[in-house]
Every structure is written in structure tokens, then in C-alpha cells.
Amino acid sequence: MAKVFRPSNRESSILSRIESSKEHAKRTAINIVRDDPTRFANPITMKLVEEHLVETTNKNDLEEQILKCLETLCHADEFDVDYQIAPFRNLVQQPNVVSLFVTAFVIEKLINHKSVVDIFGADADIYLCIHKQVAKLLP
């Protein structure tokens, strides 16, 4: 018979603090994006095009789509965010919610946009490209 694991108060407290810190980091990142989403859209778009991960006929249109994605993230409730990033949650060890949301948008929705010719690279490559730009702008 398997042993039943019952965490002590100390273990429960530590686990609770870890979860609280993750939620706080998630809310902080979304609030920073909410302050100025255009600050994030341009570098993300430029890097995706420069690294040849997204081939487009109109860079400005691509930037507008990324901006709309970031604005959607800012106004979405927690369920919608979790639903959007669910297929990509295990892409990296400690994902950033903003990077993961934009990655999911690029892979699932942007590929069908009229100004996007094709999207290249693995999901992890796209995430890392986006995350490098997001990490520069987040504290």
C-alpha cells in the first residue's frame, strides 16, 4: 500500500509562498506590459523578422498584430490567458507569461494572417527569441 503524503505546516507555508511569488511575478509582468504595450511590440517584431523566424510582406502589419496580442493579454482574464498558453506551458522550465502568450499567438494565430508568408523554427526557438526581448524590458 502506498504511503499517504501529508505536508507539514512548514512545507505548506513554503509551497504557498512559492505559488504566491509566481502569481505576483505574473501580475507584475502583465501590469508592466499594460503600461506601454508598444514598447514591447516593436522589439519583438524586429527580432522575429531579423532572425528569419517570421517571413512577412509587411513588417508594420506584423507589429500591429503583436501589439493587439499584447493588448489582449492586458485585458484578458486569468482563464483566457491559461487557455491560450496551455499547449506551450511545458516548452521551457520557468516560462514567462508574456513571452509564452505572444509565442502561442505567433504559432497558432499569426500564421493565418494575410501579411505572414511563413513561420520558421521550432516552438522553443520562437519562445526564446521573444523572451530575450521581453526580458530586456521587464525588471
Side-chain angles (χ1 to χ4, degrees):
M1 180 177 267
K3 184 177 179 181
V4 177
F5 177 72
R6 293 190 177 96
S8 67
N9 285 341
R10 183 172 182 219
E11 291 168 337
S12 295
S13 170
I14 292 170
L15 292 173
S16 175
R17 271 191 258 140
I18 290 171
E19 281 301 312
S20 295
S21 68
K22 286 181 182 178
E23 285 301 313
H24 177 71
K26 181 179 177 179
R27 282 191 310 265
T28 301
I30 291 173
N31 285 335
I32 291 172
V33 171
R34 183 178 290 132
D35 290 340
D36 188 12
T38 56
R39 196 175 98 204
F40 288 82
N42 188 23
I44 291 172
T45 304
M46 290 298 296
K47 205 58 159 170
L48 285 171
V49 172
E50 284 175 7
E51 293 192 9
H52 304 291
L53 294 173
V54 175
E55 185 179 338
T56 183
T57 57
N58 186 350
K59 187 201 111 16
N60 291 332
D61 201 19
L62 179 64
E63 185 175 342
E64 287 175 21
Q65 292 302 310
I66 298 290
L67 180 61
K68 287 179 184 176
C69 168
L70 291 169
E71 289 171 350
T72 301
L73 171 65
C74 294
H75 300 295
D77 62 1
E78 191 172 335
F79 174 80
D80 292 335
V81 172
D82 287 342
Y83 182 77
Q84 178 80 15
I85 66 175
F88 305 99
R89 191 169 290 138
N90 295 325
L91 202 56
V92 291
Q93 287 286 332
Q94 295 177 339
N96 178 290
V97 68
V98 175
S99 303
L100 210 52
F101 192 85
V102 175
T103 301
F105 174 78
V106 168
I107 294 169
E108 292 182 342
K109 296 194 171 117
L110 198 62
I111 194 160
N112 298 324
H113 194 267
K114 63 183 177 188
S115 68
V116 174
V117 176
D118 204 357
I119 295 177
F120 302 99
D123 296 351
D125 296 336
I126 294 170
Y127 172 84
L128 291 174
C129 176
I130 292 169
H131 184 65
K132 285 178 189 174
Q133 301 309 308
V134 170
K136 289 178 185 176
L137 300 170
L138 291 177

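Keep in mind that what you see is a predicted model, and the values were worked out from it rather than measured.
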* Start with the C-alpha distance between Leu70 and Val98, add both sets of side-chain angles, then the distance that settles side-chain contact (heavy atoms from CB on, under 4.5 Å), and finish with yes or no. => CA-CA 8 Å; Leu70 291 169; Val98 175; 4.1 Å; yes
* Test side-chain contact (heavy atoms from CB on, under 4.5 Å) applied to Asn42 and Lys59, step by step -> CA-CA 10 Å; Asn42 188 23; Lys59 187 201 111 16; 3.8 Å; yes
* Stepwise, does the side-chain contact (heavy atoms from CB on, under 4.5 Å) test hold for Glu64 with His113? -> CA-CA 12 Å; Glu64 287 175 21; His113 194 267; over 6 Å; no
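Put simply, Val117 and Leu48 are part of two different groups of oily side chains (I, L, V, M, F, W, Y) that touch within less than 4.5 Å, one to the next. Cluster membership for Val106 and Leu137, using ILVMFWY side-chain heavy atoms within less than 4.5 angstrom, is shared. Both Ile85 and Ile32 are assigned to one and the same hydrophobic cluster, defined by single-linkage of ILVMFWY side chains at heavy-atom distances under 4.5 Å. Transitive grouping of hydrophobic side chains (ILVMFWY, heavy atoms separated by less than 4.5 Å) keeps Tyr83 and Leu100 in distinct clusters. In terms of hydrophobic clustering, with Ile, Leu, Val, Met, Phe, Trp and Tyr side chains grouped at heavy-atom distances under 4.5 Å, Leu128 and Val54 are assigned to a common cluster.
Phe105 and Gln84 make their closest contact through N-NE2, 3.8 Å (heavy atoms, listed as atom of the first residue, atom of the second, distance). The nearest pair of heavy atoms linking Phe40 to Leu138 is CZ-CD2, 4.0 Å. Closest non-hydrogen pair, Glu108 versus Pro87, comes out as OE2-CG, 3.7 Å. Between Leu110 and Ile119 the shortest heavy-atom distance is C-CD1, 4.3 Å. When all heavy atoms are compared, the tightest approach of Asp36 to Thr38 is OD1-OG1, 2.7 Å. Across Gly121 and Ile126, no two heavy atoms sit closer than the pair O-CD1, 4.2 Å.
Look at Glu71 and Lys68 and you find no salt bridge, because none of the NZ, NE, NH1 or NH2 atoms lies under 4.0 Å from a carboxylate O.
Every residue was checked against the salt bridge (charged side-chain N to carboxylate O under 4.0 Å, His left out) condition with Glu19, not counting sequence neighbours, and none meets it. Under the rule for a salt bridge (charged side-chain N to carboxylate O under 4.0 Å, His left out), the partners of Asp82 that lie at least two apart in sequence or sit in another chain are Lys26.
Of the inter-residue distances, the one linking Ser99 atom OG with Tyr127 atom OH reads 4.5 Å to the nearest 0.5 angstrom. Atom CZ of Arg34 sits about 8.0 Å away from atom CG of Leu73, to the nearest 0.5 Å. Atoms NE2 and NZ, on His131 and Lys47 in that order, are 14.5 Å from each other to the nearest 0.5 Å. Summarising the geometry, atom CE belonging to Met46 is positioned 10.5 Å from atom CG belonging to Leu62; distances are rounded to the nearest 0.5 Å. Interatomic distance, CD1 of Ile44 versus NZ of Lys132, reported as 13.5 Å (0.5 Å rounding). Rounding to the nearest 0.5 angstrom, the gap separating the NZ atom in Lys114 from the CD atom in Gln65 is 8.5 Å.
Two residues are said to be in side-chain contact when any heavy atoms from C-beta on lie closer than 4.5 Å; Ile107 and Asp123 meet this criterion.
For CZ of Phe120, the number of neighbouring non-hydrogen atoms (other residues, nucleotides, ligands) closer than 6.0 Å is greater than 12.
Residue Val134 is tested with Thr103, Asn96, Val97, Val33 for a side chain to side chain contact (heavy atoms under 4.5 Å, CB included); the sole match is Asn96.
Side-chain contact check for Ser115 and Asn58: no donor-acceptor pair (N or O, by modelled atom type) lies under 3.5 Å.
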